[in-house]
Engineer: 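My questions will all concern the structure given below.
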Amino acid sequence: MRRLVPVLCTTALAIATAVPARAQGALPAGEGRDLMATACSQCHPLNVIRSMREGAEGWKRHVYNMVTRGAQLNAREADMVVAYLAANFGPTTPSASATPVALPGGPGKDLVETRCAACHDLERVASAKRQKSEWPALVANMVGRGAVATQEEVQAISAYLASHFGGE
């Protein structure tokens, strides 16, 4: 057992450093990239993060929320990650999706492609797995955060997402 512990520790260290290093290749260069790749990829695949488009305040909410959930960043590091994310994955930066996502047809598809894609890569929309009952609250939350949609559009978007991306 005493010989096994150092081997396991070395293996864990090698894996922990290799995962963020591979993930960094998909990220733009900049101060905060290494911190973000290391801290965020412990729990999230980077395609989720890369598909988001938030301003500095939105990224600050996300990063500090993750710090309260256990992300290993001190306040200075968290602010550096926020600045990196806002500069590289802000609302006006182009999407980083390598392959275009084709959503299934149906009522509400055009609204998802215009309203949701204003801030999110469609890969994020298509990969989000929620219960059918969760979609209306999530869409309402997005409208509360600035997404533009009428009440009828919100209902159509929620119904579309629930029918195509909702579990029981």
Side-chain angles (χ1 to χ4, degrees), residues 19-20 22-28 30 32-33 35-37 39-71 73 78-168:
V19 170
R22 278 196 313 270
Q24 291 170 10
L27 299 171
R33 178 185 74 171
L35 281 170
M36 194 280 297
C40 301
S41 68
Q42 299 302 312
C43 299
H44 303 285
L46 292 181
N47 66 330
V48 170
I49 296 162
R50 291 178 2 157
S51 68
M52 294 174 66
R53 295 293 177 265
E54 295 278 353
E57 285 304 311
W59 280 119
K60 185 174 183 176
R61 275 191 307 274
H62 284 299
V63 170
Y64 277 83
N65 180 28
M66 293 300 113
V67 168
T68 64
R69 293 169 179 246
L73 296 169
D79 289 340
M80 192 180 308
V81 168
V82 168
Y84 172 81
L85 290 167
N88 292 285
F89 304 102
T92 60
T93 58
S95 172
S97 181
T99 57
V101 173
L103 297 177
K109 174 187 176 201
D110 58 331
L111 290 170
V112 170
E113 289 176 337
T114 56
R115 302 301 195 268
C116 301
C119 297
H120 302 291
D121 186 307
L122 289 178
E123 178 184 348
R124 179 182 172 101
V125 174
S127 66
K129 302 299 181 212
R130 304 265 191 247
Q131 296 299 314
K132 288 182 180 188
S133 62
E134 294 176 308
W135 282 111
L138 189 130
V139 173
N141 181 27
M142 294 298 115
V143 170
R145 298 171 99 198
V148 178
T150 67
Q151 187 57 40
E152 293 78 28
E153 291 171 335
V154 166
Q155 290 172 347
I157 291 168
S158 297
Y160 174 84
L161 293 170
S163 68
H164 294 286
F165 304 105
E168 293 305 318

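Scope of the values below: all heavy atoms of this structure, side chains included, with no hydrogens, waters or symmetry mates.
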Engineer: Step by step, would you call Y84 with L27 a side-chain contact (heavy atoms from CB on, under 4.5 Å)?
Structural biologist: CA-CA 10 Å; Y84 172 81; L27 299 171; 3.4 Å; yes
Engineer: For K109 and L103, work out which heavy atoms get closest and say how close.
Structural biologist: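 Smallest heavy-atom distance, with atoms named: CE-O, 3.4 Å.
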Engineer: To the nearest 0.5 Å, tell me how far L138 CG sits from C116 SG.
Structural biologist: 9.0 Å
Engineer: Is there a side-chain contact (heavy atoms from CB on, under 4.5 Å) between D79 and Y64? Walk through the geometry before answering.
Structural biologist: CA-CA 9 Å; D79 289 340; Y64 277 83; 2.8 Å; yes
Engineer: Kindly say whether I157 contributes a backbone atom to a donor-acceptor pair with the side chain of W135 at under 3.5 angstrom?
Structural biologist: no
Engineer: Taking atom NZ of K60 and atom NE2 of H62, what is their separation to the nearest 0.5 Å?
Structural biologist: 14.0 Å
Engineer: Under the ring-ring contact (aromatic ring centres under 6.0 Å, His included) rule, what pairs show up with a residue in residues 139-161, not counting sequence neighbours?
Structural biologist: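 Counting only pairs at least two positions apart or across chains, the ring-ring contact (aromatic ring centres under 6.0 Å, His included) contacts touching residues 139-161 are Y160-H164.
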Engineer: Measure the CZ-CG distance between R53 and N88 for me, rounded to the nearest 0.5 Å.
Structural biologist: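 Going from the CZ atom of R53 to the CG atom of N88 covers 9.0 Å.
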Engineer: Test of understanding: with side chain to side chain contact (heavy atoms under 4.5 Å, CB included), list the residues that count as partners of N141, not counting sequence neighbours.
Structural biologist: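 Counting only residues at least two positions away or on another chain, N141 forms a side chain to side chain contact (heavy atoms under 4.5 Å, CB included) with R145.
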Engineer: Looking only at heavy atoms, what is the nearest atom pair of S133 and P136, with distance?
Structural biologist: O-CD, 3.6 Å
Engineer: Show the nearest heavy-atom pair for residues P104 and F165, with the distance to one decimal.
Structural biologist: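 For P104 and F165, the tightest heavy-atom pair comes out as CD-CZ, 3.9 Å.
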Engineer: What pair of heavy atoms forms the shortest contact from V143 to A149, and how long is it?
Structural biologist: CG2-CB, 4.3 Å
Engineer: Partners of D110 by side-chain hydrogen bond (donor to acceptor under 3.5 Å, both in side chains), sequence neighbours excluded?
Structural biologist: none
Engineer: Does E134 have any salt bridge (Lys or Arg N to Asp or Glu O under 4.0 Å) partners at least two apart in sequence or in another chain, and if so, which?
Structural biologist: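 None.
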Engineer: Quick one: list whatever passes side chain to side chain contact (heavy atoms under 4.5 Å, CB included) with A86, sequence neighbours left out.
Structural biologist: A56, W59
Engineer: Return yes if some donor-acceptor pair links the side-chain N/O of S158 with the main-chain N/O of Q155 below 3.5 Å, else return no.
Structural biologist: no
Engineer: Report yes if some heavy atom in the side chain of M80 is under 4.5 Å from a heavy atom in the side chain of L35; otherwise report no.
Structural biologist: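 With C-beta onward as the side chain, the pair touches.
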Engineer: Please report the interatomic distance NZ(K132) to CG(L161), rounded to the nearest 0.5 Å.
Structural biologist: 12.0 Å
Engineer: Using the test side chain to side chain contact (heavy atoms under 4.5 Å, CB included), find all partners of E152 that sit at least two apart in sequence or belong to another chain.
Structural biologist: T150
Engineer: Can a side-chain donor-acceptor contact be found between N65 and R61 if the only test is distance below 3.5 angstrom?
Structural biologist: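 No, N65 and R61 have no side-chain donor paired with an acceptor closer than 3.5 Å.
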